[in-house]
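All chains are named by letter (A, B, ...) in the order of the sequence lines, taking the proteins before the strands, and each is independently numbered beginning at 1.
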Amino acid sequence: MLYNPQEIEPRLQEYWREKKVYKVDNDSSRRKFYVLDMFPYPSGAGLHVGHPLGYIASDIYSRYKRLRGFNVLHPMGYDAYGLPAEQYAIQTGQHPEKTTVDNINRYRSQLEKIGFSYDWSRELRTCDPKYYKWTQWAFKRMFESYYDTAADAARPISELVAHLEAHGTEGLHAAGSRDLEFTAAEWKAMDAKQRSEALMNWRIAYLGNSMVNWCPALGTVLANDEVSEGLSIRGGFPVEQKVMYQWCLRVSAYAGRLLEGLERLDWTDSLKETQRNWIGRSEGAEMHFAVDGSDVVLDIFTTRADTVFGVTFMVLAPESEYVDKVTTPERREAVRAYVEATKRKTERERMIDKKVSGEFTGAYAINPLNGKRVPVYVSDYVLAGYGTGAIMAVPAHDSRDYAFARHFDLPIIPLIEGVDVSEQSFDAKTGKVTNSCGPDLDLNGMEVKDAIAAAKRYIEEKGIGRVKVNYRLRDAIFSRQRYWGEPFPVYYKDGIPYMLDDSQLPLLLPEISSYKPSPDGEPPLARAENWQTAEGYRLELNTMPGFAGSSAYYLRYMDPHNNEALVGKEVNEYWRDVDLYIGGTEHATGHLIYSRFWNKFLYDLGAVVEDEPFRKLVNQGMIQGRSNFVYRIKNTNTFVSADMREAYDTTPIHVDVNIVSNDVLDTEAFRAWRPEYADAEFVLNAEDKYLCGWAVEKMSKSMFNVVNPDDIVERYGADTLRLYEMFLGPLEQSKPWDTNGIDGVNRFLKKFWGLYFKGDTLLVNDAEPTAENMRSLHKLIKKVTSDIEGFSFNTSVAAFMICVNELTQQHCTSRKVLEPLAVLLSPFAPHIAEELWHIALGHGSDDSIVAAQWPELDESYLVESSVNYAVSFNGKTRFSMAMPADADAKDVEQTVLTSEQAARWIEGKTIRKVIVVPGKIVNVVLG
RNA sequence: GCCCAGGUGGCGGAAUGGUAGACGCGCUCGUUUCAGGUGCGAGUGCUGAGAGGCGUGCAGGUUCGAGUCCUGUUCUGGGCACCA
């Protein structure tokens with residue numbers, strides 16, 4: 001019987017399906033373990049070999065944990081809403097659901113061929129109404145909640161309303177968009193619409209005017225993490241800044257907890273650092289600068305309270321509401337023109353254009369520390385969205401202020417002793433303060449750090465401002481002008497938004513005739529007929545963004561068919577959180593922030609028991625493509641081998657990697673590849689081969705370097721694919737896919753099979769294993785166990801290869817070795833292990849290897865037999881010690897120990913360890 | 001500019017501070033075969049006839065001993081960025 005993966009793999013997959021061996025129970029006396037993959041967006045291109053990398057790793061870990069006796073939850077599903085299906089729908093008219101379902105089916109069949117141990121009965125898709133009911137439900141709860149900053153938790157909005165009724169905004173602890181102030185009487189005097197608008201200031205899901213990333217080409221707004229360098233991540237279209245009235249989530253209220261929660265997580269430092277960066281905590285002070293001759297007060301935020309004596313001007317963001325309030329009549333026209341001009345620029349244009357620009361508003365502000373009048377400017381280098389949208393400018397110690405001051409010829413006052421600001425600003429927070437003495441505050445002579453603290457204290461005492469922590473993290477814009485997303489459970493009555501009743505959820509996505517925006521520029525849902533409540537009220541036309549459905553999906557897997565709750569209480573108390581989450585770093589500032597926020601909100605609500613969703617997170621690296629090139633001699637149809645091309649003037653051309661093997665081109669296949677190459681000529685190298693050049697690039701169709709896992713499975717089998725992906729290198733590292741070398745892994749599996757069968761002869765018997773056999777086995781148990789725990793799968797594959805070579809040489813046929821060996825391999829190569837379990841080890845069809853026990857390590861097999869040697873130098877015997885049996889006693893005497901130096905340091909000390917090279921000692925370790 | 005990773009043979013990559021290059025690919029030689037392929041055996045960092053010498057981006061340091069720890073530097077990959 002030869003190893004025949006093409007025959008055994010589909011059969012065993014069917015066997016697992018039929019026996020439901022991967023079905024997981026929610027109540028078990030066994031300890032739980034939850035292993036999760038970041039679920040994929042099913043794209044039209046299908047899976048390439050890079051996608052399963054993380055899935056294979058998590059599958060190995062799941063299978064390992066199962067063999068260790070854990071009840072393992074290991075599910076899979078699909079992030080089904082997304083732009084590509086909608087873009088495709090706009091181009092072709094095909095319903096995005098059809099596209100999505102087709103893609104899902106393709107993914108599913110590709111995944112099944114690889115032999116994952118998913119419990120498919122828990123499969124979910126975000127576009128399923130039974131699922132998005134709970135996305136809508138959570139949104140609704142966010143609308144009905146506010147963030148209590150004193151309790152540091154979300155609370156029902158009704159509690160806030162009660163407070164407003166009793167005390168107005170007096171003594172209110174709530175995270176708000178702006179600082180609103182009104183009395184209880186004023187609240188009571190408001191009409192329904194005014195109240196609704198006021199409450200939006202505090203709701204966790206709120207409608208607000210906010211600066212959004214508007215992408216005209218996609219016709220929708222985008223979240224910050226969907227934009228990079230002023231271009232949309234999907235498609236690379238320019239993005240503009242625009243104020244829009246949109247649904248938002250008050251993620252910023254959770255900034256502190258999102259930051260602090262990172263401490264308790266077992267994530268890589270770099271990922272935590274990226275999140276800290278994104279959350280961007282900065283401690284500083286908010287200060288009030290009165291505008292001379294007006295009752296307007298400019299609030300600014302600064303981290304450098306020590307530099308207030310160096311303020312020589314103020315700057316407002318063009319979008320700041322202060323601009324209109326402070327601009328004097330004679331400057332109004334110039335300021336208006338400037339604001340208009342910046343509005344027309346996209347964010348990208350603003351960033352590329354580093355030229356200093358701005359306009360004087362005509363107003364002067366009063367420095368609260370020394371009473372000096374300073375001019376107020378407007379300039380686009382100040383961001384509206386951060387802090388208060390206004391800054392105090394200290395040109396001596398901020399490079400941006402410095403550039404502005406130079407351009408407008410404004411004074412620059414150095415505040416640190418001995419620094420030269422004639423060429424550039426001094427931005428470092430070090431040195432001794434000077435020029436900083438006002439009527440009641442003297443910072444001169446202090447270190448910057450102390451000066452900041454002293455200035456903050458003074459500001460608080462005098463009521464000039466307050467100490468404040470600012471976060472860079474913004475609220476998430478939650479509306480998309482799209483069709484293919486979750487509808488909001490929202491309707492409008494007299495211009496006021498209301499939530500549908502829970503009994504009306506899910507609100508189904510309606511059918512529409514065209515997926516383009518409506519003729520009057522409204523989102524596609526405006527085309528839906530009867531898109532209204534039973535009472536005839538208009539429903540929300542926007543849909544939710546992609547991250548809505550992916551924020552709480554891990555909870556749904558625990559209890560996927562529950563129609564009463566997102567997740568049942570008892571079930572949630574059992575599964576709690578994800579013990580191991582595997583996915584790419586590209587979600588560091590998107591999904592992994594939103595999901596933590598969403599979970600924390602549900603935790604505040606009492607809907608889930610854990611405050612953090614993902615205990616341990618491992619980032620798998622990306623698999624890049626390895627492209628091949630042929631070299632065409634210019635103006636000919638002749639191609640020259642890569643090692644011969646020096647002599648010619650050539651153009652490199654991408655060639656399909658599937659017709660190249662070990663960088664050698666199949667020239668016949670190349671002629672057949674495309675019509676224009678049908679009569680191609682070749683200049684071959686000395687070995688009569690056509691050698692291709694290669695480069696590491698992104699895996700993509702246009703580079704002809706996409707490798708489909710189906711092809712690998714068909715040719716070598718899923719077990720070879722699984723092992724090879726792991727063998728390629730460390731899991732966390734990005735690396736190019738290179739099919740060269742896969743033969744080695746395939747050979748290993750054949751050898752592995754060869755331990756159990758020689759031709760048709762079964763080799764396994766009940767012979768007692770030799771000490772050598774047991775040593776080989778237990779070396780492997782030790783190595784593989786610690787490697788799996790440490791996610792070092794590449795080295796465990798190598799350990800298998802060594803072990804199988806040893807056992808083959810030892811002619812080991814003992815069941816006592818070969819049975820645990822199959823169990824050890826089963827997480828990595830489940831098909832071959834399961835097949836041998838049945839046909840070579842004699843287990844019946846009711847006994848799957850999945851239910852076996854992970855072999856126990858017996859260290860006693862690993863102890864090397866040893867012999868006592870005397871170590872001597874300078875003719876005197878000094879030590880007696882144990883050494884491996886293969887050390888040669890004669891040579892032991894000629895060691896480093898004979899040197900003068902060794903004699904000095906070794907005397908009177910205890911020896912802990914002796915390092916022996918066969919034949920001689922190289923070193924002695926002291927204890 | 002700031003913050004992370006990381007530089008080891010022809011290649012992917014191994015090395016609790018203790019024989020650097022495990023394992024695999026590739027390559028060389030032998031063997032099996034009519035032959036190609038496969039299988040099997042031996043070899044494969046550089047240098048040297050050999051003993052040996054030199055080797056983990058570069059320069060220092062700690063240590064009996066450094067790829068590993070420390071300082072500086074340089075290059076590569078990734079993230080963030082008018083964030084006051």
Check: Salt bridge check: are A/Lys272 and A/Glu263 linked by an N-O gap of less than 4.0 Å?
Finding: no

**Report entry** Under-4.0 Å salt bridge between A/Glu806 and A/Lys779
**Finding:** yes

So if I take every side-chain heavy atom of [X] and compare against [options], which nucleotide ends up nearest?
{"X": "A/Thr274", "options": "B/rG13, B/rA81, B/rG79", "value": "B/rG79"}
{"X": "A/Ser270", "options": "B/rC25, B/rA84, B/rC4", "value": "B/rC4"}
{"X": "A/Arg472", "options": "B/rC80, B/rC23, B/rA84", "value": "B/rC80"}
{"X": "A/Thr302", "options": "B/rC3, B/rA84, B/rA14", "value": "B/rA84"}
{"X": "A/Gln733", "options": "B/rG39, B/rC80, B/rG13", "value": "B/rG13"}
{"X": "A/Asp380", "options": "B/rC82, B/rA84, B/rA22", "value": "B/rC82"}
{"X": "A/Met801", "options": "B/rA84, B/rC23, B/rA81", "value": "B/rC23"}
{"X": "A/Ile802", "options": "B/rC83, B/rG39, B/rC23", "value": "B/rC23"}

To the nearest 0.5 Å, how far apart are [atom1] in [X] and [atom2] in [Y]?
{"X": "A/Leu728", "Y": "A/Asn794", "atom1": "CG", "atom2": "CG", "value": "9.0 Å"}
{"X": "A/Glu732", "Y": "A/Asn619", "atom1": "CD", "atom2": "CG", "value": "8.5 Å"}
{"X": "A/Asp427", "Y": "A/Arg400", "atom1": "CG", "atom2": "CZ", "value": "7.5 Å"}

Rounded off to whole Å, could you give me the [atom1]-to-[atom2] distance for the [X] and [N] pair?
{"X": "A/Lys783", "N": "B/rC23", "atom1": "NZ", "atom2": "C1'", "answer": "10 Å"}
{"X": "A/Met726", "N": "B/rG12", "atom1": "CE", "atom2": "P", "answer": "19 Å"}
{"X": "A/Phe793", "N": "B/rA22", "atom1": "CZ", "atom2": "C1'", "answer": "19 Å"}
{"X": "A/Lys751", "N": "B/rG24", "atom1": "NZ", "atom2": "P", "answer": "6 Å"}
{"X": "A/Lys272", "N": "B/rA5", "atom1": "NZ", "atom2": "P", "answer": "13 Å"}
{"X": "A/Tyr724", "N": "B/rC11", "atom1": "OH", "atom2": "P", "answer": "15 Å"}
{"X": "A/Lys429", "N": "B/rG1", "atom1": "NZ", "atom2": "P", "answer": "19 Å"}
{"X": "A/Gln275", "N": "B/rC3", "atom1": "CD", "atom2": "P", "answer": "19 Å"}

Check whether any side-chain nitrogen or oxygen of [X] sits under 4.0 Å from OP1 or OP2 of [N], and answer yes or no.
{"X": "A/Ser282", "N": "B/rA84", "answer": "yes"}
{"X": "A/Tyr471", "N": "B/rC83", "answer": "no"}
{"X": "A/Arg281", "N": "B/rC83", "answer": "no"}
{"X": "A/Asn277", "N": "B/rA81", "answer": "no"}
{"X": "A/Arg747", "N": "B/rC25", "answer": "yes"}

Between [M] and [N], how far apart are the [atom1] atoms? Round to whole Å, please.
{"N": "B/rG53", "M": "B/rA5", "atom1": "P", "result": "38 Å"}
{"N": "B/rG39", "M": "B/rG17", "atom1": "C1'", "result": "43 Å"}
{"N": "B/rC54", "M": "B/rA20", "atom1": "C1'", "result": "13 Å"}
{"N": "B/rC11", "M": "B/rG45", "atom1": "C1'", "result": "14 Å"}
{"N": "B/rG6", "M": "B/rG12", "atom1": "C1'", "result": "15 Å"}
{"N": "B/rG13", "M": "B/rG7", "atom1": "C1'", "result": "13 Å"}
{"N": "B/rC29", "M": "B/rU74", "atom1": "P", "result": "47 Å"}
{"N": "B/rU19", "M": "B/rG10", "atom1": "P", "result": "23 Å"}

Pairing partner of [N] (Watson-Crick or G-U wobble, both distances under 3.5 Å):
{"N": "B/rA5", "result": "B/rU76"}
{"N": "B/rG30", "result": "B/rC40"}
{"N": "B/rA51", "result": "none"}
{"N": "B/rC82", "result": "none"}
{"N": "B/rA20", "result": "none"}
{"N": "B/rA59", "result": "B/rU71"}

Task: Closest-nucleotide ordering on RNA chain B, the 5'-leading residue of A/Thr303 and A/Glu273 - done: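 Upstream on the strand: A/Glu273.
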
Original post:
So which one's nearest nucleotide on RNA chain B is more toward 5', A/Gly387 or A/Asn740?
Top reply: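 Counting from the 5' end, the first nearest nucleotide belongs to A/Asn740.
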
**Side chain to side chain, A/Val339 and A/Glu319, heavy atoms closer than 4.5 Å** = no

| task | Name the nucleic acid region contacted by A/Asn794, choosing base, sugar-phosphate or nothing; use a 4.0 angstrom heavy-atom cut-off, strictly under. | result | sugar-phosphate

**Asked** Heavy atoms under 4.0 Å, any strand shown: does A/Pro730 hit a base, just sugar-phosphate, or nothing?
**Response** sugar-phosphate

**Request:** Determine whether the side chains of A/Ser425 and A/Asp398 contain a donor N or O and an acceptor N or O closer than 3.5 Å.
**Result:**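 The answer is no; no qualifying pair exists.
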
message: Base of B/rC83, side chain of A/Arg474 - is there a donor-acceptor contact under 3.5 Å?
response: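 Between B/rC83 and A/Arg474, which were checked side chain against base, a qualifying N/O pair under 3.5 Å is present.
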
Original post:
Can A/Arg596 be said to sit on top of A/Trp267's aromatic six-ring, NZ or CZ under 6.0 Å from centre and within 45° of the ring axis?
Top reply: yes

Would B/rG9 be called syn or anti, given that syn covers angles within 90° of 0?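 B/rG9: syn.
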
